[in-house]
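Just so it is clear, the structure is predicted and the values come from calculations on it, not from any experiment. Values below: all heavy atoms of this structure, side chains included; hydrogens, waters and symmetry mates excluded.
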Amino acid sequence: MKVLVVGSGGREHALAWRLAQSPRVQTVYVAPGNGGTALDPALKNLPLAKIDELADFAAAEKIALTVVGPEVPLAAGIVDLFRARGLRIFGPTKAAAQLESSKAFAKEFMQRHGIPTALYASFTDAAEAHAHVEKHGAPIVIKADGLAAGKGVVVATTLAEAHAAIDDMLGTNTLGVAHVGGQARVVIEEFMEGEEASFIVASDGANVVALATSQDHKRIGEGDTGPNTGGMGAYSPAPVVTPNVHARVMQEIVQPTIAGMAREGTPFTGFLYAGLMIDAQGRPRTVEFNCRLGDPEAQVLLARLKSDLFDLLAHGADGTLDRAELQWDRRVALGVVMAAAGYPAKPRAGDAISGVPAATEDLQVFHAGTALKDGQLVTSGGRVLCVTALGDSVRIAQQRALAAVRGIRFAGAQWRNDIGHRAIRH
Ligand code: AMP
Ligand code: GLY
């Protein structure tokens, strides 16, 4: 069978790599893919990005299954289009993808269904937003409504920061957020204390299968400092998600979300990612929903997935997820992202990359912002590589990943040496 992976990041490289190992899969296309998927003889890059071109290709080539990595094509309705044309695809419809594409939609949905999350208010008027912040004080969280590649959130520790974030998001928009319906809007939230974890499930609209737990590191700097990024590294499992927390998340967050979306006529099919904040009492609350696998969470999850990924995705697309069985490697997987010079503000492209080690049983380098230019691997995006290792403990997996990172060279490379630090302290 032929399968198609839509996207170009590390998450999509990991999806394609795992799919290529399925006994039922003959060819894996990645559209548009990156330098790493171009170099891998098991994968074929496809220079297409428009969703109607992808549907034409899937129809002409008799693609057995398409899976979508990033949120942008999902929010543009790729799943609706494929289904209308009778093409099998795993992902949420445009309506269901609003859980990620509109923070206001997600917050109102959670409120309607009693799903635990931070108190919030949403504003289009700057004066009202400023007054709200004055009334509630800092710390407070300001979020741009719309897709912002993980960067449209300011956790303001002072009132001055909060006011500046409002002025930016409702005015100059230096973050370049894609506004919902052309209207700039901010969501202002209560600051939640606790430890974060990523809780990702697959759903066929009715049945749900939880993937292994994971945690990413969103800040650029060691000790979780500096600006937010798309994610500088991740590890799985996340020990903060104890069996008790796991049960509460399924019961209080995941099941009501899947049931609520179905009841409202927009059943959620695809990967649903709940970003969690877990407080000292083990009470989980939702920070955000994403309508897709996380990146770099996908890289560490797929490094641990032992059962057939094609099987999982096909059951998800066919409405038979109750028959899917997942097996995970008992070891820890840990991924260290190597980012380009200037990331996250202004990543530089075109730096030559060398020293990427060959994959072994416990080490895999997933590519993200890389391209092949006249046969030379060069940087082409903010997050360049995710060096992912398996190990019997977090520390061992971390050391194995970092040893590989130190052998990889490109000018201005940035990475964190402390990925997994919270799990090491546990
Ligand atoms: P989001 O894009 O909504 O996931 O937000 C990005 C990051 O900002 C999260 O991973 C948290 O670290 C932080 N954050 C967002 N909302 C809150 C909140 N209400 N309280 C505390 N931290 C938050
Ligand atoms: N790693 C966080 C995300 O994919 O949004």
Side-chain angles (χ1 to χ4, degrees), residues 3-20 22 25 28-38 40 43-51 53-55 57-58 63 65-82 87-94 96-97 99-101 147-150 198 200-203 211 214 216 230-231 234 268-273 275 289-303 305 309-310 312-314 316-317 335 337 364 366-371 380-386 388:
V3 298
L4 171 61
V5 177
V6 177
S8 63
R11 165 184 52 206
E12 290 77 25
H13 188 189
L15 281 166
W17 164 77
R18 255 309 172 227
L19 280 168
S22 168
V25 171
V28 181
Y29 292 98
V30 192
N34 57 41
T37 55
D40 187 332
L43 312 175
K44 285 197 174 119
N45 278 4
L46 194 66
L48 298 178
K50 295 208 182 84
I51 65 178
E53 291 172 355
L54 292 166
F57 176 83
I63 298 296
L65 178 71
T66 298
V67 59
V68 186
E71 60 274 29
V72 170
L74 294 166
I78 189 172
V79 170
D80 310 67
L81 177 69
F82 271 56
L87 299 164
R88 196 189 204 192
I89 188 164
F90 186 61
T93 60
K94 183 175 180 168
L99 277 182
E100 172 166 5
S101 62
L147 295 180
S198 303
I200 305 176
V201 303
S203 177
L211 308 190
S214 56
D216 76 341
F268 191 95
T269 52
F271 291 110
L272 178 67
Y273 166 139
F289 285 120
N290 293 316
C291 62
R292 51 175 176 80
L293 288 172
D295 185 337
E297 289 92 330
Q299 291 87 314
V300 292
L301 292 175
L302 291 164
L305 181 68
L309 176 61
F310 178 84
L312 172 71
L313 302 177
V337 167
Q364 183 74 36
F366 296 113
H367 289 234
T370 70
S380 68
R383 291 184 293 169
V384 176
L385 301 168
C386 181
T388 306

Quiz prompt | Over all atoms of both residues, closest heavy-atom pair of L19 and V25 | solution = O-CB, 3.4 Å
Practice problem: Show the numbers, then the answer: is there a side-chain contact (heavy atoms from CB on, under 4.5 Å) between L211 and L293? | Solution: CA-CA 10 Å; L211 308 190; L293 288 172; 3.8 Å; yes
Is it true that a side-chain atom of [X] and a backbone atom of [Y] form a donor plus acceptor pair closer than 3.5 Å?
X    : Y    : answer
H367 : G35  : no
R88  : A317 : no
S203 : F268 : yes
S380 : T370 : yes
T37  : N34  : yes
R18  : L305 : yes
D80  : K94  : yes

Could you state the interatomic distance from [atom1] ([X]) to [atom2] ([Y]), rounded to the nearest 0.5 Å?
X    : Y    : atom1 : atom2 : result
F310 : L65  : CZ    : CG    : 5.5 Å
S101 : E71  : OG    : CD    : 9.5 Å
C386 : D295 : SG    : CG    : 7.5 Å
L4   : F82  : CG    : CZ    : 6.0 Å
L15  : L43  : CG    : CG    : 11.0 Å
I51  : L48  : CD1   : CG    : 12.5 Å

For residues [X] and [Y], determine if any side-chain heavy atom of one lies less than 4.5 Å from a side-chain heavy atom of the other.
X    : Y    : answer
V3   : L313 : no
L302 : F366 : no
E100 : F289 : no

Quiz item: Do T388 and Q299 meet the criterion of a side-chain donor-acceptor pair at a distance under 3.5 Å?
Solution: no
Quiz prompt | The single option from I78, T66, I89 passing side chain to side chain contact (heavy atoms under 4.5 Å, CB included) against L54 | solution = I78
Self-check item: With sequence neighbours excluded, residues passing salt bridge (Lys or Arg N to Asp or Glu O under 4.0 Å) with R11
Solution: none
